[in-house]
Amino acid sequence: MARFVVTGASRGIGLEMVRQLNERGDDVIAAVRTPSEELLAIGCEVAEGVDVTTDEGAQRLVDALKGRKVDVLVNNAGLLIPDTLATLDFANALCQYEVNALGPVRITRALLPLMEEGSKIGIVTSRVGSLGDNTSGGNYGYRMSKAAANMAAVNLAVELKARGIAVVALHPGYVRTDMTRGQGNISPGPAAKGLILRLDELTMETTGTFWHAEGHQLPW
Ligand SMILES: NC(=O)c1ccc[n+]([C@@H]2O[C@H](COP(=O)([O-])OP(=O)(O)OC[C@H]3O[C@@H](n4cnc5c(N)ncnc54)[C@H](OP(=O)(O)O)[C@@H]3O)[C@@H](O)[C@H]2O)c1
């Protein structure tokens, strides 16, 4: 049994990860801004008021943990505001940067004192944040924020190597959630299952890598 903290657990992929981790007997703390009925129905521990864009939100999560060790931190909270070059709104781009790029770093830094050798960190980024894999363009704000999130994953992996903490960037697939307005190839259940498997497999040998939930490595 491991202690997992999952951000953005009110709905979508985060909610499913929490459900599955709870079912298999892990100790899971669901970090949310506001709990959903679906989350409360799971019956696991919930940390409320955890807006990943604020220090106050991060501190609420630290307070909720009450000094307990964190084995796996899943930075899952994310925001997509679709755009094109013509419709790009720079304020919206900054909002996405706050959530998708700075959010994982803010939460990771806050929780690091609760992590030790063998702890793991996952950042749910997206393959649309890959420079090498961009063939379709569009979504400037989202793509650029996820590219920065990928850099955060590599940077954290480099910095935390000496402490024996492994870091991985994860792509869940094209998943039918609110974010995609219900479009996608898979439902949140199998996506969450794949992400959990990738986190289970993560070691110091694979720290600083980028994986599809289905189990193949992705280019940065
Ligand atoms: N769905 C896909 O196809 C897909 C593909 C690639 C990557 N991803 C990534 O996968 C992750 C989960 O996405 P999803 O599809 O499950 O999206 P979703 O259904 O829209 O859920 C997003 C979650 O993030 C939370 N969140 C947003 N802003 C937040 C903030 N400032 N502080 C704390 N929590 C915040 C939301 O909480 P509230 O309920 O409070 O708004 C919600 O729980 C995201 O990082 C996303 O970018 C998704």
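Start at 1 with the first residue, then count along the sequence. Order of appearance sets the numbers: ligands from 1, and atoms from 1 within every ligand.
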[atom] - nearest protein heavy atom and its distance:
atom                    : value
atom 16 (O) of ligand 1 : Ile13 N, 2.8 Å
atom 24 (O) of ligand 1 : Gly78 N, 3.3 Å
atom 35 (C) of ligand 1 : Ala77 CB, 3.7 Å
atom 14 (P) of ligand 1 : Thr177 OG1, 3.6 Å
atom 48 (C) of ligand 1 : Pro172 CG, 3.7 Å
atom 17 (O) of ligand 1 : Met179 CB, 3.5 Å
atom 7 (C) of ligand 1  : Thr125 O, 3.1 Å
atom 28 (N) of ligand 1 : Arg33 NH2, 3.5 Å

The one among [options] that brings a heavy atom closest to [atom]:
atom                    : options                       : result
atom 12 (C) of ligand 1 : Asn76, Ile107, Val124, Leu170 : Asn76
atom 36 (C) of ligand 1 : His171, Arg176, Glu16, Arg11  : Arg11
atom 42 (C) of ligand 1 : Ala213, Ala9, Ala149, Ser10   : Ser10
atom 4 (C) of ligand 1  : Gly8, Gly173, Gly12, Ser126   : Gly173
atom 32 (N) of ligand 1 : Leu61, Thr53, Asn100, Val52   : Val52

Show which atoms of ligand 1 fall inside a sub-4.0 Å distance from at least one heavy-atom site of [X].
X      : result
Val99  : 28 (N), 31 (N)
Val50  : 32 (N), 33 (C)
Tyr174 : 3 (O)

Quick one, Trp211 and Val168 - any side-chain contact, counting heavy atoms below 4.5 Å?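 In short, these two side chains touch, coming nearer than 4.5 Å.
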After noting the C-alpha distance and the side-chain angles of Leu114 and Arg3, does the key distance pass the side-chain contact (heavy atoms from CB on, under 4.5 Å) rule? CA-CA 11 Å; Leu114 302 173; Arg3 180 169 300 117; over 6 Å; no
Report whether Ile13 and Leu21 are members of the same hydrophobic cluster (ILVMFWY, side-chain heavy atoms less than 4.5 Å apart, transitive linking).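 The answer is yes; both residues are in one hydrophobic cluster.
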Applying the 4.5 Å side-chain criterion to the ILVMFWY set and letting contacts propagate, would Leu15 and Val74 be lumped into a single cluster?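 Shared cluster, yes.
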Show every ring pair (Phe, Tyr, Trp, His ring centres under 6.0 Å) that has at least one partner inside residues 151-177, sequence neighbours left out.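 Qualifying pairs, neighbours excluded: His171-His212.
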Please list all pairs meeting ring pair (Phe, Tyr, Trp, His ring centres under 6.0 Å) that have one or both residues in residues 97-153, counting only residues at least two apart or in different chains.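 As it turns out, there is no ring pair (Phe, Tyr, Trp, His ring centres under 6.0 Å) pair with a partner in residues 97-153 once direct neighbours are skipped.
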Nitrogen or oxygen of Val175 less than 3.5 angstrom from that of ligand 1: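 In this structure, Val175 places an N or O atom under 3.5 Å from an N or O of ligand 1.
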Between ligand 1 and Thr180, is the shortest N or O to N or O distance under 3.5 Å?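 N/O-N/O distance below 3.5 Å does not exist for this pair.
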Could you walk me through whether Leu79 and Cys95 pass side-chain contact (heavy atoms from CB on, under 4.5 Å), step by step? CA-CA 8 Å; Leu79 176 66; Cys95 282; 4.2 Å; yes
Between the side chains of [X] and [Y], does any donor sit under 3.5 Å from an acceptor?
X      : Y      : answer
Thr125 : Asn150 : yes
Thr87  : Thr84  : yes
Arg143 : Ser136 : yes
Asp63  : Gln59  : yes

Applying a 4.0 Å heavy-atom criterion (strictly less than), which segment of Arg127 is in contact with ligand 1: side chain, backbone, both, or neither?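 Within the 4.0 Å criterion, Arg127 makes no contact with ligand 1.
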Tell me which part of Thr7 gets within contact of ligand 1: side chain, backbone, both or neither, using heavy atoms under 4.0 Å.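 Neither; nothing of Thr7 gets under 4.0 Å from ligand 1.
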Given Leu156, which of Leu112, Asn75, Ile123 fulfils the side chain to side chain contact (heavy atoms under 4.5 Å, CB included) condition?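 The passing option is Ile123.
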